[in-house]
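Okay, structure first, notes after.
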Amino acid sequence: MADKMRDMPRHIAFIMDGNGRWATKRALPRTSGHAQGGKTFRAIADACLDRDIEVITFFAFSTENWKRPKAEISALITLLNRYLLDWFSEERAKNTRIHFLGDTTPFSKDLRELISRAEKTGEDISHHLNIALNYGGRADITQAANAILKKRIAAGDATPITEEEIDLHLATANMPDVDLLIRTGGESRISNFLLWQSAYAELYFTETLWPDFSEEELDRAILWYRTRDRRFGGLTSN
Ligand code: FPP
């Protein structure tokens with residue numbers, strides 16, 4: 001336990017797990033769990049912005065989620081559509097920039113247009129809300145390597161690739177690394193989320209199912225993070 005509190009985390013990432021189980025426990029369809037999870041997503045995103053967290057990233061849809069039933073996939077897409085439509089009239093959209101991490105090409109033209117409009121909304125940006133959609137951490141690193149390779153080949157340059165260059169070609173370019181990664185739903189794994197960006201993240205795993213995750217638990221997780229001794233591989237804390 002550190003004797004002095006760390007600063008607030010600059011970047012918090014969320015793996016929102018447990019929607020299906022939340023619904024099953026109540027004899028409801030899984031899609032009701034996602035609808036409730038969508039409400040929690042809104043509440044927790046707002047709570048993080050209220051606490052002045054600079055970057056928040058939510059895992060909304062992984063590259064593996066295509067294996068789910070069509071009806072469940074379309075329920076998730078409908079939730080996202082609704083959220084984006086509401087976003088344009090939100091006060092927060094003025095100083096928060098939405099970014100989509102991942103390959104959005106398989107989604108409909110309408111959704112892609114909405115995404116691109118949302119990514120352009122707002123001036124005077126001080127906060128970033130990332131929504132990982134059809135995202136995979138390995139795919140992110142691979143696309144960064146390929147983007148660099150393409151530039152190298154065009155320039156006839158054979159110098160070794162640096163970590164800084166990879167950083168700058170990831171979906172999170174120019175954003176701070178993840179400080180605190182929160183996963184709900186009882187599993188203790190990263191599931192191909194922000195692999196590179198979470199290299200030194202503190203990992204907070206909770207049994208709470210995502211629809212039940214609250215502002216109070218967010219505060220507990222932040223407090224837990226602030227009392228961690230982060231050494232980044234060295235002997236002294238930062
Ligand atoms: C995992 O729970 C959750 C997801 C695959 C989807 C997360 C998406 C939301 C909470 C909605 C977000 C909405 C917007 C607008 C970004 P699970 O279904 O795997 O739960 P289980 O492990 O209990 O089955």
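Below, each value reflects all heavy atoms present in this structure, side chains not excepted, and no hydrogens, waters or symmetry copies. Residue numbers run from 1 in the order of the sequence given. As the structure lists them, so they are numbered: ligands from 1, and atoms in each ligand from 1.
- Note on Asp52 versus Arg10: no salt bridge recorded, every NZ/NE/NH1/NH2 to OD/OE distance being 4.0 Å or above.
- Hydrophobic cluster membership for Val178: Ile15, Phe59, Leu101, Tyr135, Ile141, Ile148, Ile161, Ile166, Leu170, Leu181, Ile190, Phe193, Leu194, Leu195, Trp196, Leu203, Phe205 (Ile, Leu, Val, Met, Phe, Trp, Tyr linked by side-chain heavy atoms under 4.5 Å, directly or transitively).
- Considering every non-hydrogen atom in both Asn134 and Asp103, the closest pair reads ND2-O, 2.8 Å.
- Among pairs with a residue in residues 23-48, those fulfilling ring-ring contact (aromatic ring centres under 6.0 Å, His included) read Phe41-Phe58, Phe41-Tyr83, at least two apart in sequence or across chains.
- Contact residues for ligand 1 (protein heavy atom closer than 4.0 angstrom to any ligand atom): Met16, Asp17, Gly18, Asn19, Gly20, Arg21, Arg30, His34, Gly37, Phe41, Ala60, Asn65, Arg68, Leu76, Leu79, Leu80, Tyr83, Trp210.
- Between His11 and the choices Thr57, Ile53, Leu180, the side-chain contact (heavy atoms from CB on, under 4.5 Å) rule is met once, by Thr57.
- Using a 4.5 Å cut-off between side-chain heavy atoms of Ile, Leu, Val, Met, Phe, Trp and Tyr, Leu28 falls into a hydrophobic cluster with Trp22, Leu209.
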